Every structure is written in C-alpha cells, then in structure tokens.
Amino acid sequence: MWSYFARRLLIGIPTLLAVVLFCFFLMRLAPGGPFDGEAPVPPEVLANLRARYHLDDPLWRQFFSYLGNLLQGDFGPSFKYKDFTVTELIAQGLPVSIENGLSAIILAILIGLPLGITAALAQNSARDYAVSGLAMVGIVIPTFVTGQLLILAFGVWLKGTPFQLPAGGWNDGAFLNRILPVTVLALPFVAYIARISRASMIEALRTNFVRTARAKGLPYRTVVLRHAMKAALTPVITFLGPATAFLLTGSMVIETIFQIPGIGRYFVQGALNRDYTLVMGVTIVGAAFVIVANLIVDMLYAVLDPKVRYE
Amino acid sequence: MTQRILDISGLNVRFATEDGEVAAVSDVSLHVNKGECLGIVGESGCGKSQTFMAVMGLLAANGKTTGSARFGGIDLLKADERTLNTVRGNRLAMVFQDPMTSLTPHMRVGRQLTEVLERHRGMDAKAARAEAIAMMARVQIPEPERRFAMHPHELSGGLRQRIVLAMALLCGPELVIADEPTTALDVTVQALILDLMRELKEKHGTSFVLITHDLGVVAGLADRVAVMYAGRVVESAGVREIFAAPRHPYTKGLLACTPRLTDAPTAVLPTIPGQPPDLQKLPPGCSFHPRCAAVFDRCRAERPALAEGGTLNACFLNHTVAA
C-alpha cells in the first residue's frame, strides 16, 4: 500500500511540470504584457525594462531559466510588486489563506455533516426539507452577496450592540476579524457537505447490508454508526479533497471584500497585471495543493474501504 | 395440538409509489408449527419475500402493512422497534438471498458475527469469538479462524452465504426465515447446508420458513408448502400432497416446469405461458386466469377464495360444494 502512495506522489511531479508548462505558455499567449499601464511607457524605457527582466530572450530560454530557478525554490521577482519576490508574496499571504481556509473547511464539516446525516435519518420529514432547502439556498447565493449581507448585518445594523463584528480589515488576524470571512467562506461548503452526506446516507441506509444489520436486532444507532456511516462518508471525502485545496489557496472574493492579506487576491490581480511570475507562482502552489489533497483522499479511501487497501 | 410458532393472519402489504399503490401482498394467512419447515414457492415478484420482510419489520419506508403476525406472544406488525430488536437476530432470524451484498463491506466477517452474540447474549469479545468460530465450522466454513479475520470481499459467494447463515443461527433462533438460502451455493455445499438445517429442525426443534424457486429443495426439507401467486396464497398443503396431487392450475404448472432425469435429453421443458401480472394492474377475478389453460367465465369475474378442495386452494375447479 505504501509503495502505491509513493508511486502516486511521484506521478505528482510530471503533473506539476505539465501545469508549469501550460501555464507559462498560456500566460505569454495573452495579449499585452506586465509593463502596459494606463500611461504608455516610452519605447526606450520599455526596451530597458524588458531587457532587465529577460523578456527579450527567446521564449524557450525564458522557460528553462524559469524552470531552473523554480527547482531551487525561486519563483522569480514580481513584475508589479517590484519590491518583492513572488516567493516573499506567497510566504506572506499563504499562511493567512491556509488559516482561513482550514477554519472554514473544519467549520463546514462540523455543521454540514451532522445536518446532512440527521436529515437522511428523518427522510421526508420537516427537518429533512428544511436542511435540503437551506442547502440549496447556501449553494445558489454567491459569496459576494452573503459577504455583503453579513457585513451589513453585523457591521452596520448591529453596530453598538455586543454582536457588532469588524466589517473588514485583518488586524493581524484578530479572532473577531476572522469570524465573518471564515463564515462566508464556509457557508457554501456547509451546504454542499450537507447535501452530499444526506444523499449518501440515504443510499447507504437502503443497502442490503444495512438490512442485514437491522435483521440482527442491533439498535438503529449501532446500525447507522457501525454499518452505514463509513459507506456514507466516501462521497463526502471525495468532495472534500478538491474543496479543501480550493479553500486553502484563498478566495479572491472573500479576501477582496474583507481586505484580507491572503494569496487569493493574487490569482486575479496577477492575471490582470500580466504579472507573469506571480500568476505562475500562485498557480503552482494551487496545483500542488490539489495534488496533495487528492493523495490524502486516496489514503482515506483505504481507511474506509478494505477492498482499496488490498489492491 | 401442535404449537404455532408464527401465525400470520390477513396480512396485506402495500407500497405507496409515485405511480400509485402497489399491492405486493394481499390477505395472506400462513402459520408455521414448532419444529416444522414451511416452504414458500412462487415466481419472482409473487410476494414471497415481501411477506416475510413485513414479518421482520424490514419493509422499505413506503411500505404499509395491515393484519397480524404473532410470534411468541408479540404481534410483529404492531411491535415497536425496541421490542422487534429483542426478537430479531435472537429468537427470529432471517437469511437473505443476496450473499454478495448482504454483508457490510468494511467490517471483518468475524465482527459481524460477534456483534450478534454481544447484543443478544451479552457475551464479551472473547467468548463471542469462540462461539462465532464454532458456528462458522458448523456451517461448513473451512479454516474458520483464518476466515474470521477476513473482509467479505475476500470470500467467495458460497462462503459469504454460509457466513449469513451462521449469523442467523448464532443465537439458536426458534424460527429461521431463509430466503433462497442455497441458491448461491454449489450442489455439494447445498446438500451440506440442507443437512444442517434438517438436523437443527429434528434435533433442536428449530422451525424454518424456506422461500425458494427450487422445488427440489422444498421437496427435501419442507413439511408443508404454500404456493403464492400475485401476492396471494393460491394453494397450501402438506409437501406430499402438493407433489403427488397438486390442485391449483398454477401449482400444476410449476411442477410441470421441473425437468426430470427420466426425460429424454431432447424433450422440450414445459413452461407456463405469459408473465406474472403487474401488481398495480391485477386482472379482475382470479389473478391467474390470463395464463390458465382451464379458465372459464367465472374465473374472469370472481376471485376464488382459498378453500378446501383436495388441498386448501383458490380455484373454482376444486370447490365442488357451493357455499
């Protein structure tokens, strides 16, 4: 089994290389460049800038020198944030994004899973309909709307009450400043997890082996926890892998609304500024998270299903 | 006076579906005497399994029952879940027909056995393990200690079926409902399992309900037979009478469909023409009349009751004395 995971980890390397390759050339295919601002730069200055950043080298040479630096952990200088290297920007922003993302995914599991499971156990009851309805609402309302609504509620309407919360700003990660962004980040995932776990528990309860367990006279609680639960968790784990990777690498919308210094903003800002190295940097980090998350999901499958363990 | 261990009376099972109500079981009355094996035969979808799912309290959520099913002083159809759970797996056990999916895939089979003993016998893990391994040996599982620690996917269908059977027998139940218990087994193992069931019946007075398509198994083990068609019992009699002198045309048809060793290899096996009816669109009168060779006008208009006429059967041809 361990050799299987070692192999999976090794397969991640060519995957990551492919991401680097595609991302590098796709960025260069986009029109414009990092120095195209609102005011045109004089041609002589532009030529100097391009020479300074080796943008006048042939593309293949740029790619291989980038790759060489990357292997040494150097993501290169940012074109836009000129006082920083991309490595520095990521090192500053990533921990913030990871903390928020991790809090959000844990919150989403702690709320979503019990909601979904209890809804499944009381299928077609008022409780079930309430959970399904709320989950639908949580999925269809975009975070930029829930974010603004919560700011309006807790930052404006409840101003002066004990329930007032900071409407934005980071304040070095003070607990109160994290509540709203983490909540907004978690909400759609609460909804997804509730929906998936409800559906998979309903399915698990219909299996023949749950019928066998009931025929043994086991209390329903034991039937659910011992026999149905593991089967019901598999689809949830499948969803959680990519979802966690997505959350840990930051959210552009949330980080913009709440002015949080994470790396989520760089995905969009970097692309708009044609900040080649920054876009490459955050994309590679994102891809690495997805690869690792999928590997963890596979390991959890082995925990849940003995069949996987032997293959 | 023989003691009735299970007494089903006027059982109806209805499923509410999006296309309307399905009458899976209608007005079924059956009983099982102590130490007796009752065979239930009929084609797929005739209600044999659902009758006993209802008895076990294991119907799907959209299933509703009326009638009664008395077992050891309890009406199983009206008992709450807590009462049912003291009976199920303990005094009343069921062997399911699909061994490939009837065991929990992520649990070792040993644990799936011991939990029954821990639940009903209050045994500790060690005693339960010894008891479970002994039972595994009894149902002809080779190397029970090694198999005890395996997961279901590591066992063949035949072994899984025997695990399911062992599970049912663990607490020494008074009644075992076996739904196609030998279908997944090869003939030699099938014979061993049937021997074991016969031994339990004769030495321990265990009663059985044997639900099956296999008339050979019924002939070998059952004392009485009930034939079901379209959710109703159409004939019920002792096993000798059923095989020697079947009265209902459906029973006659079923028996005619059984190949015999004395048949010429080229002989065409007779079949009952047509299909069992859709339970939502049952024909008027006798449910079997569209497929019956002996049909006459009254069969299309009126449903024959289950009445004495050679055997207890539901056919006008045999009801000579008009009520």
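The structure displayed is predicted, hence computed values, not measured ones. Quick note on labels: first sequence line is chain A, next is B, and so on, each numbered from 1.
Using a 4.5 Å heavy-atom cut-off against chain B, the contacting residues of residues 218-248 of chain A are A:Leu218, A:Pro219, A:Tyr220, A:Arg226, A:His227, A:Lys230, A:Ala231.
Contacts of B:Leu84 with chain A are absent, with no heavy-atom separation under 4.5 Å from either backbone or side chain. Interface residue A:Leu304: only backbone heavy atoms are found under 4.5 Å from chain B. If you measure heavy-atom distances from B:Met53 to chain A, the contacts under 4.5 Å come from the side chain alone.
Using modelled atom types, no side-chain atom of A:Arg214 and backbone atom of B:Leu58 make a donor-acceptor pair closer than 3.5 Å.
In this structure, CD on A:Gln123 lies 10.0 Å from CG on B:Asn62, to the nearest 0.5 angstrom.
Applying the side-chain contact (heavy atoms from CB on, under 4.5 Å) test between B:Ser102 and each of A:Asn208, A:Thr207, A:Val210 identifies A:Asn208 as the sole match.
Across every non-hydrogen atom of B:His151 and A:Pro306, the tightest pair is CD2-CG, 3.3 Å.
Each of B:Met56, B:Glu115, B:Arg111, B:Gln112 has some count of heavy-atom pairs under 4.5 Å with chain A, and the biggest count is that of B:Glu115.
Around the CZ atom of A:Arg195, the shell of radius 6.0 Å holds no more than 12 heavy atoms that belong to other residues, nucleotides or ligands. Annotation for A:Glu99: atom CD counts as buried by contact number, over 12 foreign heavy atoms lying within 6.0 Å. The 12-atom threshold is not exceeded at OH of A:Tyr192, counting heavy atoms of other residues, nucleotides or ligands nearer than 6.0 Å.
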